[in-house]
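One is the number of the first residue; the rest follow in order along the sequence.
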Amino acid sequence: MACPQRVGLLFGSFNPIHTGHLILANYMATQTDLDAVWLVVSPQSPFKVGEELLPEQERLALVNLAIASNPQLQASDVEFGMQRPSYTIDTLDELRARHPDTQFVLLMGGDNLPGLPRWKAAERLLAEVDIYVYPRPGADLPTELPANVRVVQAPLLDISATFIRSTVRAGKSIRYLVPDAVLQRIAEAGYWANTQSIF
């Protein structure tokens with residue numbers, strides 16, 4: 001009997017997706033026991049209410065452009081049809097119902113780990129799913145972690161979507177911060193206004 005596929009779930013607003021996301025996702029998909037990583041585009045995070053977001057379908061399109069050549073990465077719009085804001089446990093339940101033969105693993109930044117006990121149904125997350133934690137700037141990880149929490153020393157690239165948006169608004173180049181296809185789409189669509197000099 002074949003082993004279930006193990007899929008890492010990388011949640012984010014991806015507003016926009018950038019090189020840091022891609023390096024992390026590819027590292028997890030190729031340097032751990034995961035078979036693939038799904039980038040789950042969140043229409044609205046409960047922790048980012050009020051943040052300026054591109055429409056969800058636009059952000060999903062940017063993710064698909066970014067990962068088009070990588071068969072181990074996949075974009076997921078599972079949360080688009082769910083109640084908002086989205087909660088990880090609800091998304092996990094939905095994905096398990098749709099893909100009963102897949103083992104899902106949560107990918108989480110070290111800066112989010114201390115707040116995990118305050119997440120909806122945190123006790124279920126800790127009991128039911130493996131969690132792979134990757135480093136984040138300025139985040140110290142506890143020395144003792146639950147058995148299902150694994151620290152993965154993925155490359156640390158301190159790029160934020162906030163910085164990219166502000167750079168675009170300033171009319172400065174974002175070359176190499178995002179894939180070329182994403183850069184082209186941002187320029188063509190005029191996202192975040194001043195896109196004349198972003199190349």
Side-chain angles (χ1 to χ4, degrees), residues 7-30 34 36-88 90-92 94-95 98-99 106-109 111-112 134 136-137 154-199:
V7 171
L9 300 176
L10 182 61
F11 290 80
S13 53
F14 301 110
N15 190 44
I17 189 168
H18 54 66
T19 305
H21 295 132
L22 296 170
I23 290 174
L24 173 63
N26 186 68
Y27 185 92
M28 290 291 189
T30 60
L34 299 178
V37 169
W38 293 0
L39 293 90
V40 182
V41 182
S42 300
Q44 179 185 328
S45 164
F47 301 107
K48 293 185 178 180
V49 175
E51 179 181 298
E52 178 192 4
L53 291 174
L54 289 178
E56 58 200 42
Q57 292 292 347
E58 296 293 329
R59 290 182 282 120
L60 179 68
L62 290 177
V63 173
N64 278 315
L65 282 172
I67 65 175
S69 63
N70 191 334
Q72 286 183 275
L73 303 184
Q74 178 179 320
S76 172
D77 63 356
V78 63
E79 292 188 340
F80 288 11
M82 297 176 61
Q83 185 175 352
R84 305 181 189 190
S86 309
Y87 292 94
T88 301
D90 297 329
T91 305
L92 187 62
E94 179 68 20
L95 286 170
R98 294 187 189 187
H99 308 279
L106 296 184
L107 307 182
M108 179 184 299
D111 52 337
N112 286 325
Y134 53 90
R136 289 289 295 150
L156 180 61
L157 199 60
D158 192 9
I159 299 174
S160 74
T162 301
F163 173 76
I164 291 171
R165 295 194 302 272
S166 64
T167 301
V168 171
R169 290 192 184 99
K172 305 296 184 182
S173 173
I174 57 170
R175 179 174 287 181
Y176 309 125
L177 293 174
V178 299
D180 289 346
V182 173
L183 174 62
Q184 188 70 37
R185 177 61 181 162
I186 289 173
E188 290 174 353
Y191 296 145
W192 306 298
N194 192 348
T195 57
Q196 297 304 308
S197 306
I198 66 173
F199 292 95

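For the pair S173 and T167, the tightest heavy-atom approach, listed with the atom from each and the gap, is O-CG2, 3.6 Å. The heavy-atom pair separating R136 from L156 by the smallest distance is CA-CD1, 3.8 Å. Nearest heavy-atom pair, P16 versus I164, reported as atom, atom and distance to 0.1 Å: CG-CG2, 3.9 Å. Closest heavy-atom contact between Y191 and V168: O-CG1, 3.5 Å. V182 approaches A66 most closely through the heavy-atom pair CG2-CB, 3.9 Å.
One distance of note links CG of D180 with CD of Q184; it measures 8.5 Å at 0.5 Å rounding. Interatomic distance, CD of E58 versus CG of L53, reported as 12.5 Å (0.5 Å rounding). Note that NE2 of H21 is 11.5 Å distant from CD1 of I23, once rounded to the nearest 0.5 Å. Between I67 atom CD1 and W38 atom CH2 the span is 11.5 Å, to the nearest 0.5 Å.
Just one residue in the list L22, I159, L62, L183 forms a side chain to side chain contact (heavy atoms under 4.5 Å, CB included) with V178, and that residue is L183. Considering L60, V41, V63, N64 as possible partners of D77, the one that fulfils the side chain to side chain contact (heavy atoms under 4.5 Å, CB included) test is L60.
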- [ ] Go through the steps to decide whether R98 and V78 satisfy the test side chain to side chain contact (heavy atoms under 4.5 Å, CB included), and finish with yes or no.
- [x] CA-CA 10 Å; R98 294 187 189 187; V78 63; 3.8 Å; yes
Show your reasoning for whether side chain to side chain contact (heavy atoms under 4.5 Å, CB included) applies to W192 and I186.
CA-CA 8 Å; W192 306 298; I186 289 173; 3.9 Å; yes
Q. Under the side chain to side chain contact (heavy atoms under 4.5 Å, CB included) criterion, do Y87 and M82 qualify, and how do the steps go?
A. CA-CA 10 Å; Y87 292 94; M82 297 176 61; over 6 Å; no
Practice problem: Dump the intermediate steps for side chain to side chain contact (heavy atoms under 4.5 Å, CB included) on L65 and I17, then the final yes or no. | Solution: CA-CA 10 Å; L65 282 172; I17 189 168; over 6 Å; no
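Between E56 and S13 the shortest side-chain heavy-atom distance does not fall below 4.5 Å. L9 places none of its side-chain heavy atoms less than 4.5 Å from the side chain of T91. For the pair L177 and H18, the minimum side-chain heavy-atom distance is 4.5 Å or more. When side chains are defined from C-beta on, P155 counts as touching Y27, because their heavy atoms get closer than 4.5 Å.
In terms of modelled atom types and a separation under 3.5 Å, the side chain of E79 and the main chain of S86 share no donor-acceptor contact. Between the side chain of R59 and the main chain of S42, a donor-acceptor pair closer than 3.5 Å is present. In this structure, the side chain of N15 engages the main chain of L54 through a donor-acceptor pair within 3.5 Å.
Environment of CZ in F80: crowded, with over 12 heavy atoms of neighbouring residues, nucleotides or ligands closer than 6.0 Å.
Remark: N112 pairs with no residue by the side chain to side chain donor-acceptor pair (under 3.5 Å) rule, at least two apart or across chains.
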